[in-house]
Number of protein chains: 2
Amino acid sequence: MRPTVHDIAAEAGVSLATVDRVLNDRPGVRGVTRARVEAAIAALGYVRDVAAANLAKSRVYPLVFILPQGDNPFMRGLEAQVRRAGLHSPAERTRLSVVSVPAFDAVALVRAIDAAIAEDVAGIAAVVVDAPEVSAAIARAQAAGIPFVTLVSDLEGSGRDHFVGVDNIAAGRTAGSLMGRFLGGRPGPVAVLAGSMRLRDHRERLDGFLAAMAAMPTARTVLPVLEGQDDPGQAFALISRCLAATPDLAGIYSLGAGNHGLVKALSGRTDAGLCVIAHELTADTRAALETGLIDAVLNQDAGHEVRSAVRVLRAKADGLPVNAAQERIRLDIFIKDNLPPAGPDEE
Amino acid sequence: MRPTVHDIAAEAGVSLATVDRVLNDRPGVRGVTRARVEAAIAALGYVRDVAAANLAKSRVYPLVFILPQGDNPFMRGLEAQVRRAGLHSPAERTRLSVVSVPAFDAVALVRAIDAAIAEDVAGIAAVVVDAPEVSAAIARAQAAGIPFVTLVSDLEGSGRDHFVGVDNIAAGRTAGSLMGRFLGGRPGPVAVLAGSMRLRDHRERLDGFLAAMAAMPTARTVLPVLEGQDDPGQAFALISRCLAATPDLAGIYSLGAGNHGLVKALSGRTDAGLCVIAHELTADTRAALETGLIDAVLNQDAGHEVRSAVRVLRAKADGLPVNAAQERIRLDIFIKDNLPPAGPDEE
DNA sequence: CTGTTAGCGCCTTCAA
DNA sequence: TTGAAGGCGCTAACAG
């Protein structure tokens, strides 16, 4: 049987309350006593039963997810995953809530962060845009003792506690590498469709992609980046125009959330030679993968990200360490053949 | 606050014990009473606090993993993951143990299963070979009320409760599809290195691969399967001979655990045109991916598999349903660029 | 058939 | 600075 607080109390010759004070290092214990208890803990190899501890404190952790609103399917999937995790959350004594803010809007984002701080939540997870006032808001959360994790797109200098998302530079490299191999010797330039260069993740993917393309045995032109603001209409227009203007186009890398417009622009075509790689598995990209319109999809699993964010925030709130290796989010590569069955929250 | 057993007892006008009996549907409750309690449960929207329940019963679940012994790196990685999971297992009130049996040995496997049944463990997870006596042993476990899950390679007709592993037909298809695209128009036949056609997973991968190759726009010869018994020496010999005999070889699909020999046979070569796809991310395949000797690795995450097996066995032991969607093991595709940092248990 | 009572391992008042 | 006692939500003896 595993040792319990009783065993430690007996071993150290103190009461349960004292053991508890030492375990949660709370004040009010003499140095000597503390040392004695710590010795007992070490001697018996005690490890606290977290479930019992949670039961006893019956504390709940209100966590806030701040996500961009709009019709970005990946973000809607992320929100669905938060809601889904919220159903199971009472078991882990967390209460999840979602706050939606206009996309690309630093001011609104800052307002949402400050509101969460004012509510004194136990942790904040947010998809942030890269702006100095956002970093300042994150610093305020830190100052208030509220753990903060960035989701999907990072903001390194901000002092956030943790980043939950993929390595976007590696994602871009992966896309470039796959595109290069799929194209082989086929000539022609490739186009890149992004949302906005103001998003750190989009910039990073582009950097990785360009690096990988440059490292390919055959040199290939990459056309100037098309920025569609992750808007279906704009993406459709940009891609349509590009296709018309570039008859020998060999490939398209869609690194943002403009896939609805992309697929629409592509769907009229019959040219099987065009290599298309996109990000995020959504209803659009899944269907396009199945019909062969898209060749590969790079994905970050929204469900994993949400669960990881919750675990990290809880750990930070309790002052526990996080296992970085376990919390690393992998970059999935999907082709037609390894597509998982559609989940309920995929849009 | 969430309703508790007390609330239900009050609402239904019965005692805690009766509520407990209904909840765990144990006998000794009159139909009417039961109905009244059930009504209260429904009315209050009660959901049981599993952590508290486990705490109260202080039951532990001894689970046995039966794995093939030998130097198969994937199996050793799997074993390491079981041991690692065993460290955290007291928290989930499980106790994990590993039993090693000679690979490809149905008799030894059956003996191990029967031993576990005799010990009255709470669940068995095993990497099984495809043989009628194995199915019979699984049936005995079932008869003894012991949940049984197959790991990595399935045995569908056996009545096992669950399969933890990837869809191996889809894995083969994925390999074929990638190989076809990577090769493009490059001519030449491809070779297949397997462990043994007696392993269901190897047969399934081969089937999928052949189907995908057949569906490619350009027809390509697939040489007769090389069976290396997952032995480094045999694999080395088979691949060396094949390379020598087939100067125009375009690709190799290694669908078993012969990668050490494969890499060794490949390492002398300088022909960059050969496309190599292998299974399972190990020290060998990781290094070969990094140096470019291997182009892609298909992987099933051993850590996920172990954790899934534990969850499923626990659920079955408690008579709870399993969420099939959550327990689905994904097929990972790794290329040089999306390789995750090496974990401690990878061999 | 049903209820009472005493824990599971831990935390938290409240006294001393 | 320390300890005693009660309770978190659930289960399991043992009575009735």
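All values reported here derive from a predicted model rather than from experimental measurement.
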* Asked: When you measure from the side chain of Tyr46(B), which nucleotide among dC10(D), dT11(D), dC11(C) comes out closest?
  -> dC10(D)

* Electrostatic pair Arg160(A):Asp154(A) at N-O distance under 4.0 angstrom -> yes

* To do: Would you classify Asp20(A) as touching base, sugar-phosphate or nothing, given that sugar-phosphate means primed atoms plus P, OP1 and OP2, and contacts are heavy atoms under 4.0 Å?
  => base

* dT12(C) phosphate, OP1 or OP2: any side-chain N/O from Arg21(A) under 4.0 angstrom? -> no

* Is a side-chain N or O of Asp7(B) found less than 3.5 angstrom from the main chain of Thr4(B), in a donor-acceptor match? -> yes

* Nearest-nucleotide pick for Thr4(B), side chain only, options being dG3(D), dA12(D), dC10(D) -> dC10(D)

* For the side chain of Lys57(B), counting heavy atoms from C-beta on, which of dG3(D), dT11(D), dG9(D) is nearest? -> dT11(D)

* What integer distance in Å separates Asp49(B):CG from dG9(C):P? -> 16 Å

* How would you label the contact of Arg2(B) with the nucleic acid (heavy atoms, under 4.0 Å): base, sugar-phosphate, or nothing? -> nothing

* Would you say a side-chain N or O of Arg59(B) is under 4.0 Å from OP1 or OP2 of dT11(D)? -> no

* Asked: Picking from dC10(C), dC8(C), dT11(D), which would you name as closest to the side chain of Ala56(A)?
  -> dC10(C)

* **First of Ala53(B) and Pro27(B) reached from the 5' end of DNA chain C, by closest nucleotide** => Pro27(B)

* Would one find more than 12 heavy atoms of other residues, nucleotides or ligands at under 6.0 Å from atom CZ of Arg95(B)? -> no

* When only distance counts, do a donor and an acceptor, one from the side chain of Arg30(A) and one from the base of dT2(D), lie under 3.5 Å apart? -> no

* Looking at every strand, decide which applies to Val19(A) at a 4.0 Å heavy-atom threshold: base, sugar-phosphate, or nothing. => nothing

* Asked: What is the distance from CG of Leu23(A) to C1' of dT12(C), rounded to the nearest Å?
  -> 14 Å

* Nearest whole angstrom, please: distance from the P of dG7(C) to the CG of Leu55(A). => 17 Å

* Using atom types as modelled and distance alone, determine if a side-chain donor or acceptor of Asp161(A) lies under 3.5 Å from a backbone N or O of Val149(A). => no

* Asked: Please give, in whole Å, the distance from dA13(D) P to Asn24(B) CG?
  -> 13 Å

* To do: Would you mind telling me which of dC10(D), dG9(C), dG3(D) lies closest to the side-chain atoms of His6(B)?
  => dC10(D)

* May I ask you to say whether Arg48(B) pairs ionically with Asp20(B), meaning some side-chain N is under 4.0 Å from a carboxylate O? => no

* Asked: Is Thr33(A) near enough to dT2(D) that one of its side-chain N or O atoms lies under 4.0 angstrom from OP1 or OP2?
  -> yes

* Asked: In a check of side-chain hydrogen bond (donor to acceptor under 3.5 Å, both in side chains) between Glu327(B) and each of His304(B), Arg311(B), Arg307(B), which one passes?
  -> Arg311(B)

* Structure fact -> DNA chain C nearest-nucleotide lookup for Ser58(B) and Leu16(B): closer to the 5′ end is Leu16(B)

* Rounded to whole angstroms, how far apart are CZ on Arg93(B) and P on dC8(C)? -> 11 Å

* Asked: Separation of Ile8(B) atom CD1 from dC10(D) atom P, in whole Å?
  -> 7 Å

* Under 4.0 Å: is that the gap between some side-chain N or O of Asn54(A) and OP1 or OP2 of dC10(C)? -> no

* Just how far, in rounded Å, is P of dC10(C) from CG of Leu44(A)? -> 12 Å

* Asked: Of all the nucleotides listed (dT2(C), dC11(C), dT11(D)), which has the minimum atom distance to the side chain of Arg48(B)?
  -> dT11(D)

* Structure fact -> Ranking dC8(C), dA12(D), dT2(D) by distance to the side chain of Thr18(A), first place goes to dT2(D)

* Identify which nucleotide among dC8(D), dT2(C), dT2(D) has an atom closest to any side-chain atom of Val29(A), counting heavy atoms from C-beta outward. => dT2(D)

